[in-house]
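Below: one structure, written as structure tokens.
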Amino acid sequence: MSLTQKRCLPCEGFSKPFDQIEEENYIKQIDGWTLNRKGEHRIIKKYNFADFVSAVTFVNKIADLAENEGHHPNILIKYNLVEIELYTHAIGGLSKNDFILAAKIDGLLK
């Protein structure tokens, strides 16, 4: 089953964040995302758009998706650039939810 077919599951901080092997296995399943292992591990991707309105439209779609999945990214908009940062706050690192949401965010552009 692909990541886009899975759902984010509630995480209350009882599980451990992914180790580096798990991170490496999951990062291969999402295109263009990079691992940041400084501090709390996270995944990051930047998207470029033609203009501000297109960028905001994309962010609004992400907001709806994130609410539906119950997992929320950090989002930065710089005119026509959207930067998404994902990690599981409750565990201070990466979980399957981050990779599921990343795959679904990418799917918004297809």
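Residue indices begin at 1 and follow the sequence shown.
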Taking side chain as C-beta onward, heavy atoms only, is [X] less than 4.5 Å from [Y]?
{"X": "F18", "Y": "N25", "value": "no"}
{"X": "I43", "Y": "K45", "value": "no"}
{"X": "L35", "Y": "H41", "value": "no"}

For the [atom1] atom of [X] and the [atom2] atom of [Y], what is their distance to the nearest 0.5 Å?
{"X": "Q20", "Y": "I27", "atom1": "CD", "atom2": "CD1", "answer": "12.5 Å"}
{"X": "I44", "Y": "W33", "atom1": "CD1", "atom2": "CH2", "answer": "9.0 Å"}
{"X": "H89", "Y": "L86", "atom1": "NE2", "atom2": "CG", "answer": "8.0 Å"}
{"X": "T34", "Y": "R42", "atom1": "OG1", "atom2": "CZ", "answer": "11.5 Å"}
{"X": "I62", "Y": "I84", "atom1": "CD1", "atom2": "CD1", "answer": "3.5 Å"}
{"X": "L108", "Y": "L65", "atom1": "CG", "atom2": "CG", "answer": "5.5 Å"}

Which atoms form the tightest heavy-atom contact between K6 and K104, and what is the distance?
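Scanning both residues completely, I find the closest heavy atoms to be O-NZ, 2.7 Å.
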
Kindly give the heavy-atom pair with the smallest separation between A102 and I30, and that separation in Å.
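Heavy atoms only, the tightest pair is CB-CD1, 3.8 Å.
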
Membership question, hydrophobic clusters at under 4.5 Å side-chain separation (ILVMFWY): are F49 and Y79 in the same one?
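Yes; F49 is reachable from Y79 via cluster members.
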
Check for me, please, whether L76 and L109 land in the same ILVMFWY cluster - side-chain distances under 4.5 Å, paths through other members count.
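They do not share one cluster, since no chain of ILVMFWY contacts under 4.5 Å joins L76 to L109.
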
Enumerate, atom names and distances included, each donor-acceptor pair closer than 3.5 Å involving a side-chain atom of residues 50-61, sequence neighbours excluded.
unit_1 : atom_1 : unit_2 : atom_2 : d
D51    : OD1    : V53    : N      : 3.3
D51    : OD1    : S54    : N      : 2.8
D51    : OD1    : S54    : OG     : 2.8
T57    : OG1    : V53    : O      : 2.8
N60    : ND2    : V56    : O      : 3.4

Quick check: does any side chain N or O of [X] sit under 3.5 Å from a backbone N or O of [Y], one acting as donor and the other as acceptor?
{"X": "E22", "Y": "D19", "value": "yes"}
{"X": "N80", "Y": "N48", "value": "no"}
{"X": "E85", "Y": "N74", "value": "no"}

Name each donor-acceptor pair under 3.5 Å that joins a side chain in residues 90-101 to protein atoms two or more places apart or in another chain, with its distance.
unit_1 : atom_1 : unit_2 : atom_2 : d
S95    : OG     : T88    : OG1    : 2.6
S95    : OG     : N97    : N      : 3.3
N97    : OD1    : L9     : N      : 2.9
N97    : ND2    : L9     : O      : 2.7
D98    : OD1    : H71    : NE2    : 2.7
D98    : OD1    : Y87    : N      : 3.2
D98    : OD1    : T88    : N      : 3.4
D98    : OD1    : T88    : OG1    : 3.4
D98    : OD2    : T88    : N      : 3.4
D98    : OD2    : T88    : OG1    : 2.8
D98    : OD2    : S95    : N      : 2.8

R37 bridged to E24 by N-O distance under 4.0 Å:
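A salt bridge links R37 with E24.
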
